[in-house]
Amino acid sequence: MTPSLTDSLILQPGTGHIPGDVYLATTPGSALWGWLPNAASSSVAELSSGRTITIDTLSHEGLLEDQGRNPEGYFRQFDVADVLQDAVDMAASDKTNSPEDGPHVVTGPIHVSGAKPGDVLKIDILQLARRVPYGIISNRHGFGALAGEYPEDMNSTPSRHIDSMVRDGTVSHFSWVEEHKGFEVGLIDAGQGRRARFPIEPFLGLMGTAPATSTPVPSSPPAEYGGNIDIKHAVEGSTLYLPVLTEGAGFYAGDPHFAQGNGEVALTALEASLRATLRLTVLPGSDKGETLGGAHGPVVETAAHWIPTGLDPDLNIAVQNATRNAIAFLHDRFGVPRSVALAYLSAGADFEVSQVVDGVKGIHCMIRKADWTAWV
């Protein structure tokens, strides 16, 4: 057992500092499991445009059926005594969950006053606080970049030191958080007394607006409305822009991560619960060109980059869609000729793979703001 697991603060629902104007806990009544809110969903909270909300988002890892659906028992094998009560309550609820649904606990929808189809919802990510000092990285059969090759153990043999409780061919690696040279890092057991180390950079993998349908929408594949976009750059201090497709926007959040590499190739990132404080602002559709130009779908903005995206089950088409959106962003916002925009993207922008594991694959384009200082 690592000392940090007992010394770190556990943010149980409603405890500790809650900076938002509105607080939303994740409960069986305020969340869906494996599904997204849609046009027929009833709101669980309401917010005026420009106000802030603090959401205690909940990771699904340690709750799933292949991990025993018993977070207290599951994490006890790693000498973890402090488990989030909302995790216990969700696992004990009558909500069903299966691989066909999607694994994510999705909190919402949140009604944003005045939002109407054609508008843009601006989500300022003000604070992302760790609720626990540990998390899980999982690889499941039939999923991931190497589906069919990994996991190598088809039977989840319970002799592995990393996890003795999972089944159905799942391999779940326990990870914990420590401080290293003034920064938080995640660690996993690498065998022979060694530990692999990587930076902690929390973000919400899943943020979206309600799609304009009453048909159930599974949580795994992202789409125009956002959802499970898994863009690692949507960290504290960044902004996400999403299209409003229904009255009130129907915003939701989930799939909290402590860290993720571009691609998310195993299947999951370092999955762990976060307390997220967000500002939700409605931008009139008539003003869209001033912020997003002609880009469609999710767009992330950081201090250094504009990040349009492209989505498709085919990674090649996702790249094409991201390129089209990046061209439209530069052309419509700044009046850059399309051929010039394409030339710039080829010479000066980076196209990164957001994830390849959610059915619909994601590409995001990193446009440096510094390259366009004369235009801003």
Side-chain angles (χ1 to χ4, degrees), residues 1-20 22-31 33 53-64 67-93 103-107 125-138 162-163 165 172-180 183-189 195 197-206 235-236 253-260 268-278:
M1 180 175 69
T2 59
S4 62
L5 294 183
T6 55
D7 295 343
S8 295
L9 175 69
I10 305 294
L11 286 178
Q12 293 287 2
T15 67
H17 180 52
I18 299 174
V22 173
Y23 170 70
L24 181 59
T26 294
T27 70
S30 70
W33 196 352
I53 187 166
T54 295
I55 307 171
D56 271 341
T57 63
L58 181 63
S59 173
H60 53 274
E61 291 290 339
L63 285 68
L64 295 175
Q67 296 166 325
R69 195 159 171 163
N70 175 10
E72 290 177 302
Y74 181 79
F75 286 110
R76 190 179 299 124
Q77 67 181 319
F78 305 112
D79 294 325
V80 173
D82 294 321
V83 175
L84 293 171
Q85 186 60 45
D86 44 355
V88 175
D89 293 343
M90 187 64 67
S93 74
H104 312 100
V105 179
V106 182
T107 309
I125 302 163
L126 304 178
Q127 187 178 91
L128 297 170
R130 286 193 295 103
R131 299 186 61 202
V132 291
Y134 56 83
I136 296 290
I137 308 165
S138 286
I162 53 174
D163 189 338
M165 295 183 68
S172 294
H173 293 261
F174 181 77
S175 176
W176 64 98
V177 178
E178 290 185 0
E179 185 173 299
H180 177 74
F183 297 94
E184 286 190 337
V185 297
L187 298 105
I188 55 175
D189 191 323
R195 298 172 174 179
R197 184 175 63 232
F198 46 88
I200 293 295
E201 298 175 314
F203 73 101
L204 295 175
L206 192 155
V235 296
E236 190 173 287
D255 194 28
H257 297 159
F258 282 4
Q260 179 191 298
T268 84
L270 172 49
E271 311 281 329
S273 300
L274 293 170
R275 175 168 291 173
T277 299
L278 314 169

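In what follows, residues are counted from 1 in the order of the sequence shown. All values below come from the heavy atoms of this structure, side chains included, with hydrogens, waters and symmetry mates left out.
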Might you point out which heavy atoms bring [X] and [Y] nearest each other, and give the distance in Å?
| X | Y | value |
| --- | --- | --- |
| Ile188 | Phe174 | CG2-O, 3.6 Å |
| Pro199 | Ala259 | O-CB, 3.4 Å |
| Leu126 | Glu236 | O-CG, 3.3 Å |
| Val105 | Ala31 | CG1-CB, 4.0 Å |
| Leu204 | Leu274 | CD2-CD1, 4.3 Å |
| His257 | Gly205 | CE1-CA, 3.9 Å |

Parallel, tilted or perpendicular: rings of His104 and His60 (30°, 60°) = perpendicular
Measure the acute angle between the ring planes of Tyr74 and Phe78, then classify it against the limits of 30° and 60° as parallel, tilted or perpendicular.
-> perpendicular
Is there a donor-acceptor pair closer than 3.5 Å between any side-chain N or O of [X] and the backbone N or O of [Y]?
| X | Y | result |
| --- | --- | --- |
| Ser175 | Leu187 | yes |
| Arg69 | Leu64 | no |
| Gln12 | Gln85 | yes |
| Gln260 | Pro202 | no |

Out of curiosity, [X] [atom1] to [Y] [atom2], how far, rounded to the nearest 0.5 Å?
| X | Y | atom1 | atom2 | value |
| --- | --- | --- | --- | --- |
| His17 | Leu9 | NE2 | CG | 12.5 Å |
| Thr54 | Leu24 | OG1 | CG | 10.0 Å |
| Ser273 | Glu61 | OG | CD | 10.5 Å |
| Phe203 | Ile125 | CZ | CD1 | 10.0 Å |
| Leu58 | Arg275 | CG | CZ | 12.5 Å |
| Tyr23 | Ile53 | OH | CD1 | 10.5 Å |

Hey, are Arg131 and Asp86 close enough for a salt bridge, meaning a charged N less than 4.0 Å from a carboxylate O?
-> yes
Arg197 with Glu178: basic N within carboxylate O range, under 4.0 Å = no
Is a side-chain donor-acceptor pair under 3.5 Å present for [Y] with [X]?
| X | Y | value |
| --- | --- | --- |
| Gln67 | Ser172 | yes |
| Thr107 | Thr57 | no |
| Ser138 | Glu271 | no |

Evaluate the side-chain contact (heavy atoms from CB on, under 4.5 Å) criterion for residues Thr277 and Ile18: first the C-alpha distance (whole Å), next the side-chain angles of each, then the deciding distance (0.1 Å), finally the verdict.
-> CA-CA 8 Å; Thr277 299; Ile18 299 174; over 6 Å; no
Stepwise, does the side-chain contact (heavy atoms from CB on, under 4.5 Å) test hold for Val177 with Val185?
-> CA-CA 6 Å; Val177 178; Val185 297; over 6 Å; no
Could you give me the CA-CA distance, side-chain angles and deciding distance for Glu184 and Arg130, then say whether side-chain contact (heavy atoms from CB on, under 4.5 Å) is met?
-> CA-CA 11 Å; Glu184 286 190 337; Arg130 286 193 295 103; 2.7 Å; yes
Please walk me through it: do Phe75 and Asp82 pass side-chain contact (heavy atoms from CB on, under 4.5 Å)?
-> CA-CA 9 Å; Phe75 286 110; Asp82 294 321; over 6 Å; no
Taking the side chain as every heavy atom from C-beta outward, state whether Val106 and Trp33 have any atom pair closer than 4.5 Å.
-> no
